[in-house]
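Quick note: residue numbers are just sequence positions, from 1.
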Amino acid sequence: MDITIIGGGVAGLALAHELAPDHDVIVLETSAGPRGGGYMIDFFGPGFLAAERMGVIEELRARGHAFEGVRYGTPDGAESGRIDVGPLVEAAGGRYFSILRPEVERGLLAVLPPSVDLRYSTRVVAIHDPALEDGAANPAATVARPPAQGPRSGPAAPRRAAVELADGTLLASDLIVACDGVRSVARELVAPGHGPIVPMGYRVASYLYEDPELAAELGERMLMTDTVGRVGWAYAADADRVGVMLAERFDSVGTKRPTPDRERLQREFAGLHPQVDRALAHAPESFYDDLVAQAIAPQWSRGRVVLAGDAAHAPSLLAGQGTSVAIAGAEALARSLRATGPHLEAGLAEYERRWRPTAEKVQRSGRRSASYFTPSSPFQLRVQQIGRRAIGLPGVSRLVARSFIAA
């Protein structure tokens with residue numbers, strides 16, 4: 001089949017890796033190249049197992065990092081507690097490490113088969129599928145004219161779909177896979193009424209910057225602030241760079257992505273911890289800034305268009321497994337298509353049957369985490385501090401770690 005993947009992030013690259021041996025694959029990515037910035041994630045769970053089966057785990061592990069754990073700090077700079085990562089690693093059977101999210105992307109790029117046609121600076125503005133043309137729920141997502149002619153351009157087979165690019169080019173395909181993230185251009189077309197994101201009451205910013213001195217001070221433990229309403233993380237991404245993530249409770253009126261504002265960031269998060277204040281002084285003009293949100297779609301495919309990764313089931317960063325689920329879901333889609341051969345509809349149905357229970361379980365975990373991600377009051381903060389101390393008791397840390405891995 002000719003398969004077009006919209007989105008060259010983690011899900012899109014993982015899927016291209018798995019589809020390339022059997023299909024002609026084009027990946028269309030809006031950004032000019034592999035994305036920088038990003039934040040540190042914990043890699044474990046279904047994505048780790050999928051990466052092992054795909055043969056890419058060693059490439060990812062080589063780009064990862066083994067932190068000793070987390071230390072909690074109060075605004076006056078005092079340390080208020082620690083949690084070691086050892087029990088988590090043990091509970092995961094050693095299948096656990098930390099890695100910058102952009103490094104996952106770069107690792108997948110390093111092993112991407114050369115047959116994959118990866119096109120950067122290529123934006124999809126619309127999708128056309130003859131099977132969905134009648135009564136399309138989202139006119140903006142459906143091209144109003146026939147797809148271009150030929151295998152990828154020229155007279156397209158009657159049942160083929162097509163994407164329209166920003167320059168007016170039309171690319172015909174047997175299957176279009178939307179791996180374009182939580183704000184997917186295709187979700188409304190596939191699942192009418194479910195195109196918008198579902199905010200979870202938080203706003204998060206993150207960036208990386210050069211600071212060897214602070215990186216050395218932070219060492220092998222992430223710093224997390226012990227604060228109410230707002231929380232900050234600072235960690236040594238490597239010997240030279242410091243990573244920063246800042247989260248706040250945020251009741252969003254709409255779903256539009258916020259505009260990064262360096263001065264607002266420095267003003268709102270000042271005073272969380274002396275080391276966070278030092279990092280705030282180096283905040284760049286442009287950085288990641290978005291609402292914490294999920295994507296909910298009661299169906300993942302329609303006609304010759306299918307959703308994958310965050311476009312289908314974004315769990316939000318509160319679940320701690322977004323990257324893992326993106327890789328595992330991509331592998332599940334590829335395996336289902338391989339198992340059903342030319343029967344595309346059966347393959348897409350099998351993908352959803354096989355993968356939806358796991359994806360929804362991780363989403364539920366993310367929703368449960370939302371209530372205590374950032375303490376909303378001094379009382380809730382105190383409860384969390386007591387809970388952290390309890391984790392240090394014999395046997396408790398192992399029990400908590402196993403529950404976290406299983407969530």
- Item | Residues Phe97, Arg61; criterion side-chain contact (heavy atoms from CB on, under 4.5 Å); working and verdict | CA-CA 7 Å; Phe97 60 86; Arg61 192 191 286 274; 4.0 Å; yes
- Task: Decide if the gap between the ring center of Phe373 and the ring center of Tyr202 is smaller than 6.0 angstrom.
- Result: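 Aromatic pair counts; centres sit under 6.0 Å.
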- Message: Could you go through Asp226 and Ser80, starting from their C-alpha distance and side-chain angles, then the distance that decides it, and tell me whether this counts as side-chain hydrogen bond (donor to acceptor under 3.5 Å, both in side chains)?
- Response: CA-CA 7 Å; Asp226 225 355; Ser80 57; 2.5 Å; yes
- Query: Quick one: salt bridge (Lys or Arg N to Asp or Glu O under 4.0 Å) partners of Asp261, sequence neighbours excluded?
  - Reply: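 For Asp261, no residue satisfies salt bridge (Lys or Arg N to Asp or Glu O under 4.0 Å) once neighbours in sequence are set aside.
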- Message: Distance alone, cut at 3.5 Å: any donor-acceptor contact between the side chains of Glu352 and Gln299?
- Response: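 No, because no side-chain N or O of Glu352 sits under 3.5 Å from a partner of the opposite role on Gln299.
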- Regarding Trp355 and His313, is there a side-chain donor-to-acceptor distance under 3.5 Å anywhere?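 Yes, His313 and Trp355 have a side-chain donor paired with an acceptor closer than 3.5 Å.
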- Item | Sole candidate of Asp129, Asp24, Thr4 that passes side-chain hydrogen bond (donor to acceptor under 3.5 Å, both in side chains) when paired with Ser173 |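 Single side-chain hydrogen bond (donor to acceptor under 3.5 Å, both in side chains) partner of Ser173 among Asp129, Asp24, Thr4: Thr4.
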Please examine the side chains of [Y] and [X], heavy atoms only from C-beta on, and report whether any two atoms are closer than 4.5 Å.
X: Asp211; Y: Asp240; result: no
X: Phe43; Y: Leu60; result: yes
X: Arg230; Y: Leu246; result: no
X: Ile386; Y: Gln384; result: no
X: Tyr72; Y: Thr225; result: no
X: Arg82; Y: Val70; result: no
X: Pro75; Y: Leu272; result: no
X: Val27; Y: Leu15; result: no

Closest non-hydrogen atom pair between [X] and [Y], with its separation:
X: Leu112; Y: Ala16; value: CD1-CB, 3.9 Å
X: Ala295; Y: Arg187; value: CB-NH1, 3.6 Å
X: Ala314; Y: Val182; value: CB-CG2, 3.9 Å

- Task: Say whether, by atom type as modelled, one donor and one acceptor occur between the side chain of Asp180 and the main chain of Val185 under 3.5 angstrom.
- Result: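 Checked: pair present.
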- Query: Any donor and acceptor pair, going by atom type alone, linking the side chain of Glu68 with main-chain N or O of Val85 inside 3.5 Å?
  - Reply: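 No, because the side chain of Glu68 does not come within donor-acceptor range (under 3.5 Å) of the backbone of Val85.
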Are there more than 12 heavy atoms of other residues, nucleotides or ligands under 6.0 Å from atom [atom1] of [X]?
X: Glu213; atom1: CD; answer: no
X: Arg249; atom1: CZ; answer: yes
X: Glu345; atom1: CD; answer: no

Whether [Y] and [X] form a salt bridge (side-chain N of Lys/Arg under 4.0 Å from carboxylate O of Asp/Glu) is what I want to check.
X: Asp84; Y: Arg221; result: yes
X: Glu59; Y: Arg63; result: yes
X: Arg183; Y: Asp290; result: yes
X: Glu29; Y: Arg119; result: no
X: Arg160; Y: Asp174; result: yes

From [X] [atom1] over to [Y] [atom2], what is the distance, rounded to the nearest 0.5 angstrom?
X: Ser98; Y: Ile41; atom1: OG; atom2: CD1; value: 7.5 Å
X: Arg203; Y: Asp251; atom1: CZ; atom2: CG; value: 13.0 Å
X: Tyr120; Y: Arg35; atom1: OH; atom2: CZ; value: 8.0 Å
X: Leu333; Y: Glu350; atom1: CG; atom2: CD; value: 11.0 Å

- Message: Walk me through whether Val111 and His17 qualify under side-chain contact (heavy atoms from CB on, under 4.5 Å).
- Response: CA-CA 8 Å; Val111 296; His17 180 277; 3.9 Å; yes
- Hey, mind stepping through Arg101 and Thr323 against side-chain hydrogen bond (donor to acceptor under 3.5 Å, both in side chains) and telling me if it holds? CA-CA 8 Å; Arg101 202 172 191 278; Thr323 299; 3.2 Å; yes
- Query: Could you go step by step and tell me if Phe287 and Tyr209 meet the side-chain contact (heavy atoms from CB on, under 4.5 Å) rule?
  - Reply: CA-CA 11 Å; Phe287 52 89; Tyr209 78 99; over 6 Å; no
- Worked check of side-chain hydrogen bond (donor to acceptor under 3.5 Å, both in side chains) between His65 and Glu220: CA-CA 9 Å; His65 193 92; Glu220 295 303 319; 2.8 Å; yes
- Item | Test log, rule side-chain contact (heavy atoms from CB on, under 4.5 Å), inputs Ile176 and Val306 | CA-CA 6 Å; Ile176 295 171; Val306 61; over 6 Å; no
- Task: Run the numbers on Glu268 and Arg262 for salt bridge (Lys or Arg N to Asp or Glu O under 4.0 Å), then give the verdict.
- Result: CA-CA 10 Å; Glu268 292 296 321; Arg262 181 175 181 267; over 6 Å; no
Return all side-chain donor-acceptor pairs below 3.5 angstrom for residues 48-55, not counting sequence neighbours, or 'none' if the list is empty.
residue	atom	partner	partner atom	Å
Glu52	OE1	Arg95	NE	3.0
Glu52	OE1	Arg95	NH2	3.4
Glu52	OE2	Arg95	NE	3.1
Arg53	NE	Glu331	OE1	3.4
Arg53	NE	Glu331	OE2	2.8
Arg53	NH2	Glu331	OE1	2.8

